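Inspection log for the structure reproduced underneath, given as structure tokens.
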Amino acid sequence: MFSQLPEFLVNPNPDIYRSSNYVVLDFECTNLEHGSPLNKDNRLVLTAWRDRNGQHYNWKGELDQSELVAACNASDFIVSHNAKFELQWLERCGYDIGSRPVYCTLVAEWVLCGNIRKPLNLDDVLERYGLGHKDPIVSRLIKSGVCPSDIPRSMLLRYGLTDVRLTERLFDRQMGLMHGTRLLPVVYTRCITIPPLADIEKQGLHLDAARVELEYDRTVAAYAEVMEQLEGISEGINPQSPTQLAQLIYGRLGFEEKCDNKGVPIRNKPTKQFPKGLPKTDEATLLSLGAKTDEQRRFIELKKEQGKLSAALNKNLSMFIGACREHDGMIYAELNHGRTVTHRLSSAGRRTYYKMFDDYKGCQFQNLPRQYKPLFSPRHEGWLFGEADGSQLEFRVAGHLGNDDVIRQEVRDGYDVHTFTQEVISRAGKAISRTDAKAHTFKPLYGGTSGTRAEKAYYAAFKDKYNALTTTQDDWCFEVGATKKLETEWGMRFYFPEAEFSRDGWLNCKTNVYNIPVQSFATADIIPIGLTYFWHRTRDAELMLVNTVHDSIEAEFPPHERELFELTAVEALTHDVYSYLDRVYNVQFSVPLGVGMVIGRHWGELEQNEEEIKINVETPYG
DNA sequence: ATACGGTGCGCC
DNA sequence: AAATGGCGCACCGTAT
């Protein structure tokens, strides 16, 4: 039932990058949307590559690249800087992007930098390595908007071949730098994710036009209503202007600013109008001000509503309605490596022109409001939308990294962690609902300590209950304090050059040290590994992967592939992960992983009489 | 006019 | 002197 996995996932082995049989690539293309291969109006201008037989090039465009594709098919892996881009072009050339691994010098550089942000574009990286630079004249032409198709061929060819040569030297230098480290397996993990990402970006997400129209109308009406009522109190101020809002709230409406324990107001950074700091006007602050008069209460309520409706309209609904009316309900986004310090993926919207706004709009795919998930539906009539997420993923990863038997036992027992939070906080004197307690459950996992007396009692109880984890995290802090860096169990390295212990024993970057390894292993390794196996295991199916949001993957499929989705999600997000971590990282993952699945006609919506599927899978190590 | 930093807010 | 982490986008105000 599953598609056949390629050898590099059946027997994943980063040593493949030591083979001398590889192809280094660099392509030049027309420059709409920065040359995106997903833009059908772009075409390839020049392909340049280097393999065991020397250097080659071709001016013939994406439909006539059989020589290039043959060179790729004869290689063990493909090298390029920002390989997602070249893979998307190669697919248009007829190459099977899942057939062999890539080595992306951009992604490898990201891994070498760990959590330190540095520019990852080829020129800057070459500069740091002292490897020279790309041809500055052609670089400047392209950067200033000249289409490569208008650049003289002799100049462009020299530029392309130079890029190939320099990329190969960079690859060589990176391999040298990784010698004696355990970073190459991390690079392997990042790189096997690139073909699935290249594919997902191509698909986009599909909106249900009827639902979007309804929600849009409802929200526009609600927004008009709120604005009219606000007008009665705020007399013409712009409620989205922090400065105008600050004047109103702390002026005529008579609110008192929140102060720290020395009586100094807690403010944002100074502006021209507010040289002593701009008073805060975000929702959390407004709710904490303690409205006393009827007018104050009414204003806070209305402003809260206005903020939400305005964000919903501007960030999502107006664009959704444009997509439904002008683009068949489709919206598109990128999924990028190289942005985050924890090595999670990040998403960025692909800005698209809408006639009805005479403007470009885009939205990323990882912060869509949950309430709007049901606005999305499969693009094909009768198909299903499925979401699979890693149950309590970061908590379980913390349990493994912290070697914490209490977490292991609670996961196996299906223990309700939030009820524990509720009970401890309530017992400490402040009755609280389970829902409200949820916000506190994992705060101490990331080093959170401040709060009310009852909340602090819970944080202490957490550290006590999971003392093995706490000890591990404190050990990380000691290592960071002593060496300014942390090498994790799976080989990834994080750097904290500013780390200092204060006299009272507080490490200045403690919360980062507590958080980064957990978040990284869970959402930069485990989920991408699962996503990759899922993609390869379903390649022969009609099913398409359409998104991934940190601990989840989303897909559209016909009803007869429902079982395929369910079985593959469990296989890929549990068994495949255990096996990959063991073989590539020599990590025997020791807490059961779980998968939760919601399948229906819309994203996040179950069919009637159906429930979310939840499955835990025991580790192979008992 | 355009660029940029700050703020606010959505997600995990 | 600070005490949960990580992002990207729309909007505002300010600088150029």
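Note on naming: letters A, B, ... go to the chains in the order of the sequence lines (proteins, then strands), and numbering restarts at 1 for each one. These numbers were taken from a predicted model, which means no experiment stands behind them.
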Under 3.5 Å side-chain donor-acceptor pair for A/Q240 and A/Q306: yes

DNA chain C contacts made by residues 434-446 of chain A, counting heavy atoms under 4.0 Å: A/K443, A/Y446

Contact pattern, 5' to 3', of nucleotides 9-16 of chain C - B, S or - by protein heavy atom under 4.0 Å: BSSSSSS-

Residues within residues 493-519 of chain A bordering DNA chain C, heavy-atom distance below 4.0 Å: A/D504, A/W506, A/T511, A/N512, A/N515, A/Q519

Sugar-phosphate, base or nothing in reach of A/K373, heavy atoms under 4.0 Å: sugar-phosphate

Interatomic distance, A/L245 CG vs B/dG6 C1' [rounded to whole Å]: 15 Å

Exercise: do A/N238 and A/S241 side chains pair donor with acceptor under 3.5 Å: no

Which residues share a side chain to side chain donor-acceptor pair (under 3.5 Å) with A/N512, sequence neighbours left out: none

Degree of bending, the helix from B/dA1-C/dT16 to B/dC12-C/dG5 (end axes from five pairs; round to 10°): 0°

Those residues that, when tested against A/D475, pass side-chain contact (heavy atoms from CB on, under 4.5 Å) (two or more places apart): A/T471, A/F478

Partner set under side-chain contact (heavy atoms from CB on, under 4.5 Å) for A/Q247, not counting sequence neighbours: A/Q273, A/F274

Distance-only side-chain donor-acceptor flag, A/E334 / A/N336, under 3.5 Å: yes

Electrostatic pair A/E423:A/R434 at N-O distance under 4.0 angstrom: no

A/N268 side chain near B/dG5 phosphate (N/O to OP1/OP2, under 4.0 Å): no

Residue pair A/T352 / A/H327, side-chain donor-acceptor N/O under 3.5 Å: no

Contacts of A/N515 that satisfy side-chain contact (heavy atoms from CB on, under 4.5 Å) - sequence neighbours left out: A/Y446, A/Q519

Side-chain donor-acceptor pair present, A/R190, A/H343, cut-off under 3.5 Å: yes

Side chain to side chain donor-acceptor pair (under 3.5 Å) partners of A/Y354, counting only residues at least two apart: none

Residue whose nearest DNA chain C nucleotide is more 5′ - A/T340 or A/S450: A/S450

Heavy-atom side-chain proximity of A/E215 to A/L317 below 4.5 angstrom: yes

Residue that, paired with A/I249, satisfies side chain to side chain contact (heavy atoms under 4.5 Å, CB included) out of A/T285, A/I300, A/L289: A/L289

Could you go through nucleotides 2-4 of chain B and list every protein N or O atom that sits under 3.5 Å from one of its N or O atoms, giving the distance for each pair?
none

Contact list for DNA chain C against residues 451-467 of chain A - heavy-atom distance below 4.0 Å: none

Between A/T421 and A/T441, a side-chain donor and acceptor under 3.5 Å: yes

Qualifying residues under side chain to side chain donor-acceptor pair (under 3.5 Å), relative to A/E387, sequence neighbours excluded: A/K373, A/W603

N or O in side chain of A/R370 less than 4.0 angstrom from B/dC9 OP1/OP2: no

side-chain contact (heavy atoms from CB on, under 4.5 Å) between A/K355 and A/R325, worked out: CA-CA 10 Å; A/K355 276 183 265 184; A/R325 291 179 186 173; over 6 Å; no

